[in-house]
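Before any comments, here is the structure.
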Amino acid sequence: MRIAVDKSGPFTHAPTSVSRTMTLVLAALLPATLYDIWLFGWPAALMFLVTVLSCVGLEALCLYLSKRPVGPTLADGSAVLTGWLLAMSMPPWAPWWVCFVAAVFAICLAKHAFGGLGQNVFNPAMVGRIAVLVSFPLQMTTFVRPAPLGSAGSPGLIDSIGIIFGHSPMLDSLSAASALGYIKTELSRGIPVSQSILTAPDLTSLALGTHAGSFGETSAFLILLGGLFLIAKRVISWHIPVAVMGTLFLLGTVFSAINPDRFTPGTFQLLSGATILGAFFIATDYVTSPVSKSGQLVYGFGIGFLTWVIRTFAGYPEGMAFAVLLMNALTPIIDHHIRPRAFGRTRKGEPLPLNRGNK
Amino acid sequence: MKLFPIKGGIHPEYRKELTSEKPIVALPIPSVLYLPVQQHMGAAASTVVKVGDQVLKGQMLARGQGVVSAPVHAPTSGTIVEIAERTAPHPSGLPMLTIVLEADGKDRWAELPAPIADPFTQTTQVIRARVGESGIVGLGGATFPSAVKLGLGDKNKLEILLLNGAECEPYLTCDDRVMREYADEVIDGARIMAHALGAPQVVIAIEDNKPQAAEAMRKAASAQPNVTIVGVPVQYPMGAERHLTQAVTGRETPARKLTADVGVVVHNVATARAIHHAVRFGRPLLSRVVTVSGHGIKEPKNIEVPLGTPINDLIGFCGGINGKIKRLVSGGPMMGQPIVDTAVPVVKGTSGVLALTGDEVNERPTQPCIRCGTCVSICPCGLVPVEMAALIRNERLEDAAAIGLQDCVSCGSCSYICPSYVPLVHYFNYAKGRLNALDRERRKSEQTKALVEARNARLERIAQAKRDAAARAKAQSQNSDVNKADA
Ligand code: SF4
Ligand code: SF4
């Protein structure tokens, strides 16, 4: 009997797959997403659907145009995940066309122009978010106060279609600033942080999401649970989230201790904005982050640091997305310079000195 | 005993339960045996018999050539019916000189070398000579001639003979069974080896998934104060020489050095048993224990198999193939080699024959790498498989070598774990093969150049010598002319 020998070993394989990984990430996002939909009502559900479906549709189109298999590639789940994360970073009542444009940037430009899954340098969801944030600042910074499904303030399905697909005046009356945006605006009016933070949403409200903000930043607690689930499932490791949040927390704590009128405290940095979503779900994107653990620590530190700098000193109250993109650009350099230490070699790659006692 | 962590590694499905409780059974001598002259690392042995010769069991058929080589013996008595090139048990499927022995069914022994009565009073040379002439090689699969490895004590001050009973490859249970059933022989062999090496201590490392083996060995070693049995964590590739050394002693062997340089020599448990037979009874290596397993085998077994037995016979002995198999592997599923043809024989390095179904191999089409970094965090050698593979894909082999390709032990962990099913090890094997070939070519052309230069220099010297001689002759004749004139 002769048998094909077209490949060398191993002749066994772990029961993993790309789609399994993606499915786990989606599962981790699900509780927070459902909670957010409840919190922001039908318009949010529509916004979410529009964003995800746009991403999947555009992915199919790009694959078709580049003559690659559509079905099997869609099945890897990466387009759904990109769309999902993009939706999480949008204002809950963002109009359909903003979502669609963001999806075009995310899928067509950030992903397929670079060669598709695994080839992109920048995080597609963040490219999509930044593109619309810069192009349509009004729509992207108009947040609504939460009004849970069924409550008086929550619009019905028909009204919701109007909000997402048409123009509805309701938005204006309900709009509010996000926590970080509020502090920033107050600061620019000369109100010190130490005062404005008292009127900003408190930490419990930040953690539970009962305040205005983008779709995914408003449920820090459930996002955190999802992130821990991913670590437990070994889909991600602790390195990036801990580096990002640790850096932000430390910088916040130290500087607010020095000058509480100018700087927000560490806890506020952690729970406001998309810090937790970013640290666990955005910064950990495989394709655009370094492959080695030590590289991931450097990368996470960079994101934490840049986020803090942008939030504190730049024009945008939200810094995470920019920080992620900036560090994405550095990922190839980090990967080139920071490799694990090889067995029997020094960090520089020289053979270890011969020393019987070495441990 | 205190253990030290090793980096990375994986926890594959072991599936050892298929054979772990199956005692070793002896295969009846097959009617025809096929004995390749090279079943070891190093130079091929050269045949000392011819077609038509009657040979006895244990008689040498081919002699080792040079320092790193090993002889081949007749596993049973019979007639040499052919000496020809036949498909080798190697994935290349290239032919190799093979001695074909037709058994006469009498299994008559040749006169064997006398037992070494008290090996512990003998010099290391005596032991090594016996191990060498017995054709013993590393039976863990590396097949490096054991006599050479026993000589490592000459240059290095050794402290520990580390006996490798980790058997970290899935499916394989041959070492497990050998330790359970022949613990005394293994311990005796190990002590002889330690004596030859000049190593005061013997440590036998057994993965924690083989408690009965550890128990049997502990019992057999109870009277030996310098023999320690340690349980090591179940973690693939714990059985890799350098990693096992690190796990047990904490010493990290520097790149391009041997474990002997940090005072440790590693041998496999089955090798120790073979050495016991050679030293105590003068018996050369004629058979080995092979695990025949996988869901594609009707009745998986551990079998003591005469070397040269066609794999077909082994599979037949185990009830044949069960259903549709996807891969046929010699050795373990992680580092084993595909079997090209079931007509190839069992050789000294064959630790297992696995018939694996599609479910067991779980092959899937390769998807694009998603840079998940898992291959990086599990590589036990601290390499960056994803980057090496990308470089190799672009034919940048030298760059791949610069980031550690040659440090890769081909353990297969990275390929095993990759969610995109990228055949990383396949790339590495390809690149290593290419680089070695390039290296050989370079060395050959350098050698040719050196030879040509040497030849030119020699010719030049000869020409010069001729010219000198001619000049001298001329001068002499002139002198004599002068003398004549003087006279
Ligand atoms: S494990 Fe596979 S997918 Fe992940 S980085 Fe390595 S090669 Fe890429
Ligand atoms: S095969 Fe090589 S690169 Fe892959 S995990 Fe093993 S040592 Fe590392």
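Below, chains carry the letters A, B, ... as their sequence lines are ordered, and counting in each starts from 1.
Proximity to chain A (any heavy atom under 4.5 Å) is shown, for B:Ile370, by both the backbone and the side chain. When heavy atoms are compared at a cutoff of 4.5 Å, B:Ser377 approaches chain A solely by way of its side chain, counted from C-beta outward. Looking at A:Ser294, there are no atoms closer than 4.5 Å to chain B (heavy atoms on both sides), in backbone or side chain. Contacts of B:Ile10 with chain A are absent, with no heavy-atom separation under 4.5 Å from either backbone or side chain. Within the 4.5 angstrom heavy-atom criterion, only side-chain atoms of B:Val386, from C-beta onward, approach chain A. Only the backbone of A:Ser289 comes within contact range of chain B, judged by heavy atoms closer than 4.5 Å. With a 4.5 Å cut-off on non-hydrogen atoms, B:Pro380 touches chain A through its backbone but not through its side chain. Within the 4.5 angstrom heavy-atom criterion, no atom of B:Glu13 approaches chain A. Only the side chain of B:Arg364 comes within contact range of chain A, judged by heavy atoms closer than 4.5 Å. Both the backbone and the side chain of B:Met334 come within contact range of chain A, judged by heavy atoms closer than 4.5 Å.
Interface check for chain A: of the options B:Ser420, B:Ala402, B:Cys418, B:Cys379, the most heavy-atom pairs under 4.5 Å are formed by B:Cys418. Of the listed residues (B:Cys372, B:Pro365, B:Pro170), the greatest number of heavy-atom pairs within a distance under 4.5 Å of chain A belongs to B:Cys372. The choice from B:Val344, B:Val384, B:Val264 that makes the most heavy-atom pairs within less than 4.5 Å of chain A is B:Val384.
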_Using the rule given for salt bridge (Lys or Arg N to Asp or Glu O under 4.0 Å), can you reason through B:Lys326 versus B:Asp359, listing the C-alpha separation, both sets of side-chain angles and the distance that settles it, and then say yes or no?_
CA-CA 9 Å; B:Lys326 175 85 187 167; B:Asp359 279 350; over 6 Å; no
*Under the salt bridge (Lys or Arg N to Asp or Glu O under 4.0 Å) criterion, do B:Glu252 and A:Arg345 qualify, and how do the steps go?*
CA-CA 9 Å; B:Glu252 182 173 338; A:Arg345 291 184 186 271; over 6 Å; no
*Evaluate the salt bridge (Lys or Arg N to Asp or Glu O under 4.0 Å) criterion for residues B:Arg251 and B:Glu159: first the C-alpha distance (whole Å), next the side-chain angles of each, then the deciding distance (0.1 Å), finally the verdict.*
CA-CA 12 Å; B:Arg251 297 173 194 169; B:Glu159 289 150 47; 2.8 Å; yes
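Between B:Arg327 and B:Glu360 there is no salt bridge, since none of the side-chain N atoms of the basic residue sits less than 4.0 Å from a carboxylate O of the acidic one. One finds a salt bridge joining A:Glu59 and A:Lys111 here, because a Lys/Arg side-chain nitrogen approaches an Asp/Glu carboxylate oxygen to under 4.0 Å. Ion pairing between a basic and an acidic side chain is recognised when a charged N comes within 4.0 Å of a carboxylate O; A:Glu350 and A:Lys348 show no such pairing. Using a 4.0 Å cut-off between a side-chain N of Lys or Arg and a carboxylate O of Asp or Glu, B:Arg256 and B:Asp407 do not qualify as a salt bridge.
A:Phe343 has its ring centre less than 6.0 Å from the ring centre of B:His243. Centroid-to-centroid, the aromatic rings of B:Tyr421 and A:His13 come within less than 6.0 Å.
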